[in-house]
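First up is the structure itself, then whatever we jot down about it.
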Amino acid sequence: MKNILLACNAGMSTSLLVQKMQAEAKAQGLEVTIQANPLNKALEKVDSADVLLLGPQIAYAKKDAEAAAGGKPVAVIAMVDYGRMNAKKILADALALIGE
């Protein structure tokens, strides 16, 4: 089971994206855990994640997130994919980062 962690400012729009990503993972028969947290909580939970995805609104925090992630993949979700809630693309990108 792979663990994908999303981080954003407050967790509102990212929570909707998580729901869409979970539905996409289920449709593809993938066993993944996907959760969203505000940045500060996500950095506390990054140890249990396989990949950390940042909402485009907090792209400025990528260096801090990489430092907290200790070598685990960290990426900023593309603005267009985030805006369109393109769960299929974002899920595929996350899995590619962790070698799935």
Side-chain angles (χ1 to χ4, degrees):
M1 170 105 37
K2 298 299 179 186
N3 296 308
I4 300 170
L5 181 59
L6 281 71
C8 65
N9 272 332
M12 298 300 202
S13 56
T14 308
S15 294
L16 177 60
L17 178 57
V18 166
Q19 291 173 9
K20 290 180 178 261
M21 289 175 69
Q22 288 170 333
E24 181 62 34
K26 185 177 180 181
Q28 292 184 32
L30 301 173
E31 291 189 26
V32 296
T33 300
I34 307 166
Q35 49 181 308
N37 290 108
L39 180 61
N40 61 338
K41 288 201 183 235
L43 295 181
E44 292 171 9
K45 294 181 173 187
V46 73
D47 288 342
S48 63
D50 294 304
V51 62
L52 175 60
L53 300 179
L54 305 176
Q57 69 273 33
I58 59 166
Y60 65 87
K62 187 174 184 212
K63 285 191 181 220
D64 291 337
E66 288 172 332
K72 292 181 183 181
V74 176
V76 176
I77 299 169
M79 179 86 68
V80 68
D81 293 331
Y82 190 86
R84 292 181 180 163
M85 294 282 154
N86 189 346
K88 185 174 187 173
K89 172 83 167 50
I90 296 167
L91 179 61
D93 290 348
L95 293 174
L97 286 169
I98 54 180
E100 286 293 310

Next item on the list: Mind listing the closest non-hydrogen atom pair of Tyr82 and Gly55 along with its distance?
Entry: CE1-CA, 4.2 Å
Check: Honestly curious: do Ile58 and Leu97 fall in one hydrophobic cluster under the side-chain, below-4.5 Å linking rule?
Finding: no
Notebook entry, point to check: Between CG of Asn86 and CD of Glu24, what distance do you get to the nearest 0.5 Å?
Noted result: 9.0 Å
Notebook entry, point to check: Considering only heavy atoms from C-beta outward, does the side chain of Leu43 approach that of Asn37 to under 4.5 Å?
Noted result: no
Checklist line | Derivation and outcome, side-chain contact (heavy atoms from CB on, under 4.5 Å), residues Asp93 and Leu53 | finding: CA-CA 10 Å; Asp93 290 348; Leu53 300 179; over 6 Å; no
Next item on the list: Grab the two heavy atoms, one from Leu54 and one from Ala61, that are nearest each other, plus how far apart they are.
Entry: CD1-C, 4.2 Å
Next item on the list: Could you go through the side-chain contact (heavy atoms from CB on, under 4.5 Å) check for Val74 and Val46 one step at a time?
Entry: CA-CA 10 Å; Val74 176; Val46 73; 5.8 Å; no
Check: Are Leu16 and Val32 connected in the hydrophobic side-chain network, where two residues link if heavy atoms are under 4.5 Å apart?
Finding: yes
Margin query: Could you tell me if the side chain of Asp64 sits less than 4.5 Å from the side chain of Leu39, heavy atoms only?
Written below: no
Notebook entry, point to check: Any idea which heavy atoms bring Ala87 and Leu17 closest together, and the distance?
Noted result: CA-CD1, 4.3 Å
Margin query: Go through it in stages, so that I can follow the logic: the residues are Ile77 and Thr14, the test is side-chain contact (heavy atoms from CB on, under 4.5 Å), and I'd like the CA-CA distance, side-chain angles, deciding distance and then a yes or no.
Written below: CA-CA 11 Å; Ile77 299 169; Thr14 308; 5.8 Å; no
Note to self: Any salt bridge linking Lys62 with Glu66? Criterion: basic side-chain nitrogen under 4.0 Å from a carboxylate oxygen.
What the structure shows: yes
Item checked: Ile90 vs Lys20, side-chain contact (heavy atoms from CB on, under 4.5 Å): CA-CA, chis, key distance, verdict -> CA-CA 10 Å; Ile90 296 167; Lys20 290 180 178 261; over 6 Å; no
Check: Backbone N or O of Ile4 within a donor-acceptor pair of the Asp50 side chain at under 3.5 Å?
Finding: no
Checklist line | Residue pair Leu52 / Ala42: nearest heavy atoms and the distance that separates them | finding: CD1-CB, 4.3 Å
Check: Taking a hydrophobic cluster as the set of Ile, Leu, Val, Met, Phe, Trp and Tyr residues connected by side-chain heavy atoms closer than 4.5 Å, whether directly or through intermediates, do Leu95 and Ile34 fall within one such cluster?
Finding: yes
Check: Cluster question for you: counting only ILVMFWY and a side-chain heavy-atom cut-off of under 4.5 Å, with indirect links fine, are Val18 and Ile98 together?
Finding: yes
Next item on the list: Drop me the distance from Asp81's CG to Lys89's NZ, to the nearest 0.5 angstrom.
Entry: 4.5 Å
Check: Which distance, rounded to the nearest 0.5 Å, do you find between the NZ of Lys2 and the CG of Leu91?
Finding: 13.0 Å
Notebook entry, point to check: Would a distance-only check, ignoring hydrogens and angles, find a side-chain to backbone donor-acceptor pair under 3.5 Å from Lys72 to Asp47?
Noted result: yes
Next item on the list: Starting at CE of Met21, measure out to CD of Gln35 and round the result to the nearest 0.5 Å.
Entry: 11.5 Å
